[in-house]
2 protein chains.
Amino acid sequence: MSASRQPGKTATPLVSERREEILALAAKIFADKGYASTTVREIADAAGILSGSLYHHFDSKEAMLDEIMHGFLDHIVAQYRATVAAGGDPLDVLRALIREAFSSLGGNPAALAVMINEFNFLVQFPRFAYLREGAEETERLWSGVIEEGMRTGVFRTDIDARMIYRFMRDTIWISVRWYRPDGKYSPEEIADFYVAMLLDGLATGGSTDTGGAT
Amino acid sequence: MSASRQPGKTATPLVSERREEILALAAKIFADKGYASTTVREIADAAGILSGSLYHHFDSKEAMLDEIMHGFLDHIVAQYRATVAAGGDPLDVLRALIREAFSSLGGNPAALAVMINEFNFLVQFPRFAYLREGAEETERLWSGVIEEGMRTGVFRTDIDARMIYRFMRDTIWISVRWYRPDGKYSPEEIADFYVAMLLDGLATGGSTDTGGAT
DNA sequence: GTCTATATTGAGATAGAC
DNA sequence: GTCTATCTCAATATAGAC
């Protein structure tokens, strides 16, 4: 388990492994019970130490949450940025974005769940204001691709691009609530199902009659 | 505001109006801050009374949550049941279900938000086990319609029906997080956008190539 | 139905020994 | 890096007067 440690160098890594371990445990518990309902004692128990000892690694319970959120958000936004920057056919770019979003399920499901569950509450506090920035940049990136696809004619234009974005974002991310790593489908398969449904629709024939909203 | 009160009868209604008022206030705060992060004092403040006085109306904070959840779930499940029982073309039934789900946005958004946010955590406690039953009945009702549509050939059969259900359920319900009553679109319009996208897809041409999952 | 006053518990966090 | 011991505060809930 210490394979990455270089012989001769006596530890003190820039980011302690123990920190990361504890952070991963905390993320899991935050995801399962909710941040507010989680006690520092539970986190300490999971790590096999006493609650007071946690404060050697972290300033506070909130600081743990902050690190989890920051780590997740920075990573995913950087991915989106790179994918959009690479450019290409809007349809392909959108597909790539969707796959990246779904692959967070396999990557760090606990952090994703915490993000989904706590975002709305946390974003109102100054300390977590960066969450809004990340969300807004993500929305700009995704919506930009949709809008480009509308201009070039590959996407339909009769639905608000921002609403399409929201539908997609919510559907993809909230799937962390039912996704199980040992389940029937991998994140990649789920992504492909979703792309298939999103692009071509559920109906077989032309069910162009939406039945209302004239 | 007391239009429903009959003259001559001196109050003592079966369900006190004051209870309902307080419950609505509690639901709003639970929705905004999360159940665990809400204090009984905040609820009392909103109602213009002191925290101790709440216990004249309710046994506990948890009892308030219980009433909110029960009220919401019973109502929506009864609706779904009736709609499915009425029968008809699966495509029309599905459309009706989707509209009903979205109309919860206009009806009782706070209760819906609390349901979405707290479901996963609460369902593990015996007191809230009925949440699972409600969710399962809902899934059976919706999935049944999708499967019938697959049999009769109006829906594509290359995507798992339960996954389709989950995608739909999540997308619709989580929209309570961004829906605003004073916003650009009504729940009915949002429902129609969603139905349009769901049934016919986002792509204009035949983008049958999903690009992977061979 | 609400208030005053308070009991009681459990939470996050700290100080210093080891 | 962890433990022992404890502080402090805030939260739910209660009892009884009005």
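Here is the naming used below: chain letters follow the sequence lines, and residue numbers restart at 1 for every chain.
Computed from coordinates, the L54(A) CG to dA13(C) P distance equals 10 Å when rounded to whole Å. Rounding to whole angstrom units, CD1 of residue I49(A) and P of dG12(C) are separated by 14 Å. At whole-Å resolution of the value, CD1 in I43(A) and P in dA11(C) are 12 Å apart. Rounded to an integer number of Å, the gap from E42(A) CD to dA13(C) P is 15 Å. Taking atom CG of L65(A) as the reference point, atom C1' of dA13(C) lies 17 Å away to the nearest angstrom.
In this structure a side-chain-to-backbone donor-acceptor pair under 3.5 Å is missing from E118(B) to M115(B). Looking at Q124(B), its side chain does come within 3.5 Å of a backbone N or O of F121(B) through a donor-acceptor pair. With hydrogens and angles disregarded, no donor-acceptor distance shorter than 3.5 Å links the side chain of E137(B) to the backbone of G134(B).
OP1 and OP2 of dT14(C) both lie 4.0 Å or more from every side-chain N or O belonging to Y55(A).
By the 6.0 Å and 45° rule, K61(B) does not stack over the aromatic ring of F30(B).
Each end of the helix from dG1(C)-dC18(D) to dC18(C)-dG1(D) gets its own axis from five base pairs, and the two axes differ in direction by 20°, given to 10 degrees.
Where DNA chain D meets chain A (any atom under 4.0 Å from a heavy atom), the bounding nucleotides read 5' to 3' are dG1(D) to dT4(D).
Using a 4.0 Å heavy-atom criterion, one finds that R18(A) contacts the sugar-phosphate atoms exclusively. Contact annotation for T38(B): backbone-only contact, meaning every heavy-atom pair under 4.0 Å involves sugar-phosphate atoms and none involves a base.
Take the nearest nucleotide of DNA chain D for H57(A) and for S51(A): the residue whose nucleotide is more 5' is H57(A). Summary of the strand contacts: S53(A) and T39(A) both lie near DNA chain C, and taking for each the nucleotide with the nearest heavy atom, the more 5' one is attributed to T39(A). Each of R41(A) and G48(A) was assigned the nucleotide of DNA chain D with the nearest heavy atom; the assignment lying further toward the 5' end belongs to G48(A).
When only modelled atom types and interatomic distance are considered, D170(A) and W173(B) share no side-chain donor-acceptor pair under 3.5 Å. In the model, Y185(A) has a side-chain atom that pairs as donor or acceptor with a side-chain atom of D160(B) under 3.5 Å. A donor atom on one side chain and an acceptor atom on the other are found under 3.5 Å apart for D66(B) and Y130(B). Judged by distance alone, the side chains of E100(A) and T83(A) do bring a donor and an acceptor atom under 3.5 Å apart.
By the salt bridge (charged side-chain N to carboxylate O under 4.0 Å, His left out) test, E133(A) is found to be paired with no residue, residues two or more places apart in sequence or in another chain being considered.
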